[in-house]
Amino acid sequence: MHTKSLTELSQGLRNREFSSVELTQHFLDRIKRYDGQLNSFITVTEEVALAQAKAADELLQAGNPSSPLTGIPLAHKDIFCTNGIKTSCGSKMLDNFVAPYDAHVVSKGQAAGLVMLGKTNMDEFAMGSSNETSYFGAVKNPWDVQAVPGGSSGGSAAAVAARLAPMATGTDTGGSIRQPAALCGITGLKPTYGLVSRFGMIAFASSLDQGGPMAASAEDAALMLNAMVGFDPRDSTSLEREAEDYTAQLNNSIEGLKIGVPSAFFSEGLDPRVAAVVEAAIKEYEAAGATVQDVTLPNNHLSVPAYYIIAPAECSSNLARYDGVRFGYRCDKPKDLIDLYKRSRAEGFGSEVKRRIMVGTYALSAGYYDAYYLKAQQIRRLISEDFKQAFSEVDVIMGPVSPTPAFNLGEKTDDPVTMYLSDIYTISINLAGVPAMSIPAGFVDNRPVGLQLIGNYFSEAKLLNIAHQYQQRTDWHAKVPAAFA
Ligand code: GLN
């Protein structure tokens, strides 16, 4: 059952080949059997899952499912608040936090009849590219347990890659859906900023954060996106648009598709073996009738420095709320209020989070604001203009997601700058707010490599079409790591 697509699962449920309770139990059993090796879940919500599955079975039996996905299980990244269930955001600070409400994405999933298996591991407050900053320990890559799964949605990516869940939610502030999807060999999509509500999604850098689907294939991701998108008045940046069916264009022909390939994405930092996989994937598109041309993204090299000012600046402000007073970790026996603040934050946050808070506080301080934050915002504008120019020439931009395949656990933990540079192909997309995907395109030394597809604002249906057409011609997306087959 765990290698079936969402469409096959949906049909199986409707044809009574299996019930939602059986399907859910199958995935719960797989989590029990395999997650000891991966550490992809922080919390498994067995009771909730079985109760939701039972309710879904009743709807299915009455011939009244709420959506095509009714009765299918999913996992939520532990950044999405879940009513009555611990939401840790990968941090000691929130290890004792039980959210009093559901995130919009969680309630949308429930309304669609989805079954929640649990909450997945992640980098602390979504800060990281390797899932090693989690208070709950590193996640391992199912293709090779010596390797990182990528981050920050590393738990979601590993769980889907090992088929411990048919799909999982992720969030992407600078690459955290696409990079772990690439490193674990699954399909991930970061939507246009504002498409998926941030209500109840714990804030890291609010002008960049965006939730999205992580699944085995583009078709599955399209079905899942249908259940995540929707205007939400509780998020002031939520976009009010007419509802769209993201599966509608999947089967369109891509004959004549104009692909732009930025030379900036094939610079010296790129592992030549990754470049070869990406180039072969682009050739496959040419064989399907697409044309390829150069595009320039002249300011891409400024994206990492601009992001590592803007994201820490916003995080220093967002994380000010964790003061030991209202919720979250509180230090033992504080002497006075200042001691309470200081020790609660010193003991509750991990070192990467502290590094970002310090950088952000510095960048926003009087006298430095113009030199750093304002400058970074100006660069952000230039980067958006680059995409605007490129999309006046081509339909889609293609390139690598990550400069290397999954690296080994511990390999980059002592060198934050090298870790930050692994985001060089994903960050500019968040700065501009456009949508992008990662799809499996091959392997280097048995470790998956992703192809990145970047589209213009609101081109999700088109991107999913482009991805699906590739997945009709190749079977990289269907591969499951042998140890978890
Ligand atoms: N790796 C990037 C960072 O550490 C992106 C994280 C994310 O997208 N949440 O900030």
Side-chain angles (χ1 to χ4, degrees), residues 77-80 89-91 120-134 138-139 148-157 168-184 188-191 193 196 198 201-214 303-316 318-319 349-360 363 376 380 400-404 406-407 411-413 415-438 450 452 454:
K77 183 175 181 177
D78 206 18
I79 197 168
F80 288 102
C89 217
S91 182
T120 57
N121 203 343
M122 55 180 286
D123 278 305
E124 185 177 6
F125 285 101
M127 298 172 196
S129 309
S130 66
N131 219 123
E132 293 169 292
T133 73
S134 170
V139 176
V148 302
S152 64
S153 314
S156 288
T169 50
T171 63
D172 191 312
T173 303
S176 280
I177 288 176
R178 291 160 286 153
Q179 186 254 17
L183 270 43
C184 289
L189 185 152
K190 182 206 86 81
Y193 180 76
V196 171
R198 292 182 294 106
M201 191 178 113
I202 294 175
F204 162 14
S206 309
S207 76
L208 301 157
D209 298 341
Q210 187 59 202
M214 304 179 80
S303 62
V304 173
Y307 172 92
Y308 279 99
I309 293 293
I310 293 169
E314 292 186 15
C315 107
S316 72
N318 274 325
L319 272 58
F349 289 136
S351 55
E352 183 59 28
V353 172
K354 287 179 191 160
R355 178 158 34 236
R356 307 251 183 143
I357 292 173
M358 285 193 289
V359 170
R380 183 173 191 174
V401 177
S402 162
T404 62
F407 42 90
E411 196 178 316
K412 296 188 184 178
T413 33
D415 186 356
V417 175
T418 314
M419 189 75 96
Y420 297 169
L421 282 170
S422 66
D423 301 332
I424 181 85
Y425 307 125
T426 51
I427 273 177
S428 57
I429 284 90
N430 301 74
L431 290 170
V434 293
M437 293 184 72
S438 173
Q452 187 166 212
I454 308 162

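Residues take their numbers from the sequence shown, with the count starting at 1. Side chains included, hydrogens not; waters and symmetry mates left out as well; all remaining heavy atoms used. Each ligand, and each atom within it, is numbered from 1 in the order the structure gives.
- Under the ring pair (Phe, Tyr, Trp, His ring centres under 6.0 Å) criterion, Tyr420 pairs with Tyr308, sequence neighbours left out.
- Counting only residues at least two apart or in different chains, salt bridge (Lys or Arg N to Asp or Glu O under 4.0 Å) contacts with residues 169-184 comprise Asp172-Arg178.
- Remark: Thr133 pairs with Asp123, Glu124, Glu352 by the side-chain contact (heavy atoms from CB on, under 4.5 Å) rule, at least two apart or across chains.
- Sorted by chain and number, the heavy-atom contacts of ligand 1 below 4.0 Å come from Ala126, Met127, Gly128, Ser129, Ser152, Asp172, Thr173, Gly174, Gly175, Ser176, Phe204, Tyr307, Tyr308, Arg356, Asp423.
- Rounding to the nearest 0.5 Å places CZ of Arg380 at 5.5 Å from CG of Leu431.
- Counting only N and O atoms by type, the side chains of Ser152 and Ser176 include a donor and acceptor under 3.5 Å apart.
- No hydrogens or angles considered: nothing links the side chains of Lys77 and Ser156 as a donor-acceptor pair under 3.5 Å.
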